[in-house]
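Chain letters run A, B, ... following the sequence lines, proteins first, then strands; residues in each count from 1.
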Amino acid sequence: MPIRENLLLKRNNCTRKTLTPQTAKGTIFDIQRFSVHDGPGIRTTIFLKGCTLRCFWCQNPEGIHLKPEVMFYPDRCIYCGNCLLACPNKAHVVKEDAHVFLREKCTACGKCAQTCYAGALVLVGREMTVDEVVDEVLRDKVFYETSGGGVTLSGGDPIVQYSFSRALLKKCKKVGLHTAIETAANCQWKILASLLPMLDLVMMDIKHVDSEKHKKATGVSNKIILNNAVRLSKTKKPLILRVPIIPGFNDTKSEVEAIAEFVKEFSNLEYLELLPFHRLGEGKYKALGLEYSASNLAVPAKEKMRELSEAVKKLGIKVRGN
Amino acid sequence: MELTYEQRLEALCKTKMQQTREKQEVLLVMDQDDHGRILPSPEFREITEYMGPSGEMVRDAKLNNFKPKSNHPSGGFFGAKACGENFNLFLKAHPVYINPMSSLAGGYMAYFMGYRNPSWPPELASNLEDEQRKYGVYPGIGATQHFCQDMTIGFKLGWGGLLRKIRRYRKLNPEKSDFYDGLEQVVLGVQDWIRRHVEVAREMAKKEKNPTLRRNLEEIAEINEWLISKPPRTFREACQWTVWYQMIARMYNGSGSMGQIDVWLKPYYERESAAGTLTDEEAIFHLACLLLNDTQYYQLGGPDGEGKDTTNKVSFLVLEAVHRLKAPANIGIRVFDGLNPELLRRGVEIMFEDKTGFPKFLGDKGLVEGFVKNGYSVQLARQRVYSGCHWFAIPGREYTLNDCVKINFTKVFEVAFWDMMNDSEIKPSVDELWSRFKKHLHRAVEVTKEGLDFHMKNMHKVFPELVLDLLCYGTIEKGLDASNGGVEYYNLCIDGSGLATVADSFAAVEQRVEKEGLLTWQQLAEHLKNDFKDAENVRLMLSSVPRYGRGGTRADQWAIRIVQAFTKFVKEKPTPAGFNVIPGLFSWASMISMGQTVGATPNGRHAHAPISHGASPDPGFLRGGSAPTAMAVAVVSVQCGYGNAAPLQLDMDLGLARGEEGLAKVEALIKGHFELGGTMINMNVIDKKQILKAHQDPSKYPNLIVRVTGFSAYFASLSKNLRQLVVDRILEEET
Ligand code: SF4
Ligand code: SF4
């Protein structure tokens with residue numbers, strides 16, 4: 001599986017480009033205020049497009065690719081015909097009384113979505129400058145102060161747009177915000193290292209310690225990831241490590257214990273968090289015209305999650321799980 | 001066998017549930033707070049029907065053994081003496097109610113207001129009605145109560161002392177005898193009512209087999225015999241005195257304002273607790289019995305005049321009593337920098353644990369800084385305490401008409417829109433629409449002020465505040481009703497309603513008509529006239545314009561402009577007669593009835609659909625759920641800023657407050673909103689699945705409590721319209 005975003009990362013060098021907050025632009029697919037389940041306090045999470053992994057269970061499929069995409073929700077369509085007129089590429093057609101979206105013709109110009117007032121067509125991925133993002137983030141400043149929260153860069157993976165991420169984090173620090181990142185850390189160490197000075201907290205995923213299994217499920221080996229985890233553990237940055245619990249992939253006690261063993265000595269580890277697989281992303285696959293390969297997976301039972309948490313705890317590691 | 005407090009409370013709650021179910025069966029709907037009212041037994045019951053606030057027929061039960069005496073050709077009764085005498089007769093007809101499980105006697109069964117027919121003498125009609133209707137003004141003319149007495153006056157004097165006080169001042173102001181007659185009749189009526197309870201309690205005690213209950217009934221008899229004329233001596237007596245007062249206040253004209261219960265009960269608690277004569281368990285039990293008697297409005301904590309926190313042990317005991325009852329109770333915690341953090345924490349905990357919509361949270365900073373702008377001292381502003389749905393009053397010293405006076409912004413917008421469209425002289429534009437909206441809003445405010453003067457001039461001649469007058473400073477002394485100069489301060493309320501509907505409408509026309517040219521003014525007018533018939537696409541085009549609440553949108557700017565204009569018009573001068581007026585934003589449950597009078601609006605709202613609520617953004621203003629912080633920031637931006645509230649209404653998912661950390665985050669949300677200048681938070685903790693199921697068959701969930709607007713109510717007791725609104729809001733959050 002050739003992963004475009006990986007090539008992109010390699011092509012990009014990470015020397016400091018002269019990006020100013022007014023000009024640096026990133027592709028954002030969502031900004032969520034009042035994020036309270038990831039990291040300390042009340043946070044605003046910025047979802048950046050682009051990821052270097054291809055986890056088959058991905059819960060934010062609209063964040064995988066860097067380029068903007070159109071999501072189509074046929075049941076919201078009221079057959080007004082606006083999109084048929086708006087599309088320069090004739091990607092919307094009516095066949096046998098049904099609205100068909102010919103995705104292969106779409107260049108993601110967004111014209112149809114702009115005229116689709118019913119919300120059946122939505123363009124995911126809009127370009128925003130650092131200042132625009134920070135403006136939005138600052139709306140909740142008082143709540144970061146009362147709660148000890150701040151801003152979180154998430155995705156996708158913010159390292160894909162690392163130049164923008166760096167510019168954004170820099171500005172956030174300048175205005176006095178607590179900053180965090182959610183990343184898979186599948187990148188050259190110097191990219192991560194260049195972000196660290198502007199980060200107060202790193203939240204990183206570890207999905208499996210077995211490289212083969214990792215590769216099969218996510219498209220990439222875990223070598224770089226685990227190396228980066230070790231290097232992160234040698235910094236003083238507060239670190240939260242997270243394991244998505246995916247049935248049939250990493251949901252046995254021994255697999256979770258292996259991860260726990262791996263991180264046991266990390267002195268900056270705040271806690272290890274076990275996140276149960278859920279299927280809330282399923283509708284988004286459909287809207288993106290993608291196959292959902294996790295459709296047969298069952299959501300891990302509460303009992304199971306408790307059992308895994310217990311196993312981690314026994315190894316003397318602080319754990320959270322829900 | 002002796003009974004524990006716990007067992008007794010359990011039995012009391014069971015009885016309460018039966019009584020609530022009976023009310024739901026007999027009265028069908030109750031679009032209001034679930035008051036503690038008990039239905040009269042069938043032999044005393046007479047069922048009547050009238051139009052309720054949300055446009056559905058409401059049934060009420062009256063006492064069939066009381067018929068008022070008229071003193072007027074219209075068949076009604078007016079003036080202090082007639083009202084007092086009739087209320088006295090009403091109390092004489094009122095049955096005795098004693099539940100042997102309760103430590104407090106009394107239960108109320110009917111509303112005196114229901115017998116006022118007509119409620120206003122025809123010859124006094126105002127000539128403002130047409131214009132007020134045109135602007136959707138709820139003028140408050142003839143509105144009762146909605147201010148707050150000072151309970152400590154009653155605690156000091158008792159009924160006997162009050163009677164003596166009335167008689168003493170009668171001698172000084174002989175020309176006010178009509179007013180004193182009215183007051184005297186009320187006191188004599190309540191004394192007689194209490195006396196009958198004493199007799200019945202004695203009889204019941206004789207027959208009672210259970211030793212705990214027999215002792216309890218004997219105590220009830222003894223306590224109440226004392227309270228017929230003497231002031232309360234103990235914590236329990238103070239609670240019992242409060243029960244008598246709150247029942248006659250509720251029955252006379254619907255009053256539910258109480259104020260700082262933790263402040264006035266503190267000396268009793270501390271004295272007895274130190275002497276070892278009152279345990280916390282017992283205190284909680286008495287408080288629970290008091291709260292079961294009715295759902296009055298109470299403030300807990302908050303600064304005293306000097307800024308020192310008033311939180312004390314009683315504050316916690318009241319919260320605990322509410323917690324054990326898990327029944328509706330209107331408790332507000334006043335949040336300020338000096339507040340005991342444990343009180344706030346306990347409040348948030350209980351809110352998420354009980355999911356009954358209590359307590360509410362009150363923002364001292366915004367309230368005080370705002371009220372001071374009316375020319376009052378900070379000390380006085382701090383003493384303006386929570387005592388009603390979304391409002392505050394200085395106990396015993398201020399007359400307010402809070403929550404009674406409203407202007408429907410959407411109606412004003414509609415008038416302005418058609419005024420512009422029907423003017424062939426001009427070309428329609430957003431500027432033109434705005435200037436006409438301002439012109440009409442200005443007139444709406446003026447005609448509302450004129451209406452307030454009309455009320456102030458006449459109300460005391462029609463239906464004076466005979467119960468609240470008893471516990472005010474100056475009323476008895478001067479021989480004047482509170483609505484007629486009896487108290488010190490007059491700060492009359494004018495609330496605006498439907499802000500988001502209008503702000504979003506302005507934004508929609510600005511963007512779709514003026515900026516993008518996707519629609520002409522004439523086309524828009526046609527669509528509004530036809531209620532978007534066969535034009536769903538147009539409707540969605542208008543409604544998909546970024547709404548008020550999201551932050552930084554056109555609609556957000558419009559909302560601020562509208563509120564600024566409204567505030568300016570309200571504050572530019574007092575009423576023609578010189579009464580100070582204070583603006584706020586609130587719609588109570590009137591979003592439905594207000595919406596019924598307004599055609600389709602350019603924000604894509606269908607004709608006669610409900611208007612937006614108070615200061616709240618429309619549900620769905622943020623695609624993908626409504627972030628509480630976004631709401632909190634938006635609602636802060638539209639505070640009128642003179643000490644009356646524009647509440648923030650939040651339905652919170654249960655999952656938000658998981659664990660210590662979750663609670664702390666909710667607390668941070670509350671504190672942040674208040675730090676920015678917010679005035680009040682009504683929070684509903686929602687279990688989505690539960691509510692959706694309940695919507696399908698409400699009778700299966702008689703216990704489910706939802707916060708409707710400023711009040712919580714049993715979901716099953718709400719009208720279908722109101723239930724639908726609550727459910728829509730929740731579904732909206734799920735997409
Ligand atoms: S995004 Fe542009 S190219 Fe794609 S379907 Fe819409 S209008 Fe056509
Ligand atoms: S614009 Fe939207 S609603 Fe209209 S036909 Fe296209 S997809 Fe359907």
Side-chain angles (χ1 to χ4, degrees), chain A residues 29-45 47 62 71 73 75-83 85-86 113-122 124 131-150 271 280 283-284 320-322, chain B residues 335 337 508 512 516 518-519 534-545 549-553 556 604 620 622-634 636-637 650 652-653 655-659 661-678 734-735:
Chain A
F29 70 92
D30 202 2
I31 296 183
Q32 248 174 41
R33 294 164 73 175
F34 200 69
S35 288
V36 287
H37 293 305
D38 303 292
I42 294 172
R43 313 190 68 81
T44 295
T45 304
F47 291 90
E62 76 276 37
M71 295 175 87
Y73 298 94
D75 41 336
R76 291 190 198 156
C77 176
I78 57 161
Y79 293 89
C80 68
N82 288 358
C83 54
L85 299 173
Q114 237 171 48
T115 63
C116 179
Y117 306 120
L121 293 165
V122 180
V124 276
D131 277 356
E132 281 167 347
V133 175
V134 172
D135 267 359
E136 181 116 13
V137 169
L138 284 179
R139 290 193 213 291
D140 283 351
K141 186 155 191 257
V142 71
F143 302 105
Y144 311 145
E145 283 158 9
T146 54
S147 71
Y271 54 83
L280 298 178
K284 296 194 270 189
R320 284 195 193 191
N322 16 17
Chain B
V335 180
D337 283 346
R512 298 306 194 204
E516 298 172 346
L518 293 173
L519 210 61
D534 301 324
E536 183 62 3
N537 187 35
V538 174
R539 196 185 72 76
L540 290 170
M541 174 177 86
L542 291 163
S543 76
S544 59
V545 167
R550 201 188 271 197
T553 67
D556 282 291
L622 271 179
R623 275 225 162 113
S626 50
T629 52
M631 299 258 263
V633 171
V636 164
S637 74
L650 291 173
M652 302 280 277
D653 209 313
L656 287 172
R658 230 178 272 147
E661 217 184 295
L663 291 173
K665 285 176 189 180
V666 173
E667 241 173 62
L669 178 66
I670 294 169
K671 283 190 192 153
H673 181 63
F674 291 155
E675 204 167 304
L676 293 173
E734 271 191 326
T735 49

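A:R139 contributes no side-chain N or O that, together with a main-chain N or O of B:V633, makes up a donor-acceptor pair within less than 3.5 Å.
Looking at A:N82, the atoms closer than 4.5 Å to chain B (heavy atoms on both sides) all sit in the side chain, from C-beta outward. Using a 4.5 Å cut-off between heavy atoms, B:L518 touches chain A through its side chain atoms alone.
With B:T629 as the partner, the side-chain contact (heavy atoms from CB on, under 4.5 Å) test is satisfied by one option alone out of A:V36, A:I42, A:V142: A:I42.
Contact detail for B:R512 and A:Y117: the closest heavy-atom pair is NH2-CE2, 3.3 Å. Looking at every heavy atom in both residues, B:A632 comes nearest to A:F143 through CB-CZ, 3.7 Å.
A distance of 8.0 Å separates CD in A:Q114 from CD in B:E516, rounded to the nearest 0.5 Å. Expressed to the nearest 0.5 Å, how far CE of B:M631 lies from CZ of A:R33 amounts to 11.5 Å. Expressed to the nearest 0.5 Å, how far NZ of B:K671 lies from CD of A:E145 amounts to 13.0 Å.
Considering only residues two or more places apart in sequence or on other chains, B:E536 meets the side-chain hydrogen bond (donor to acceptor under 3.5 Å, both in side chains) condition with B:R539.
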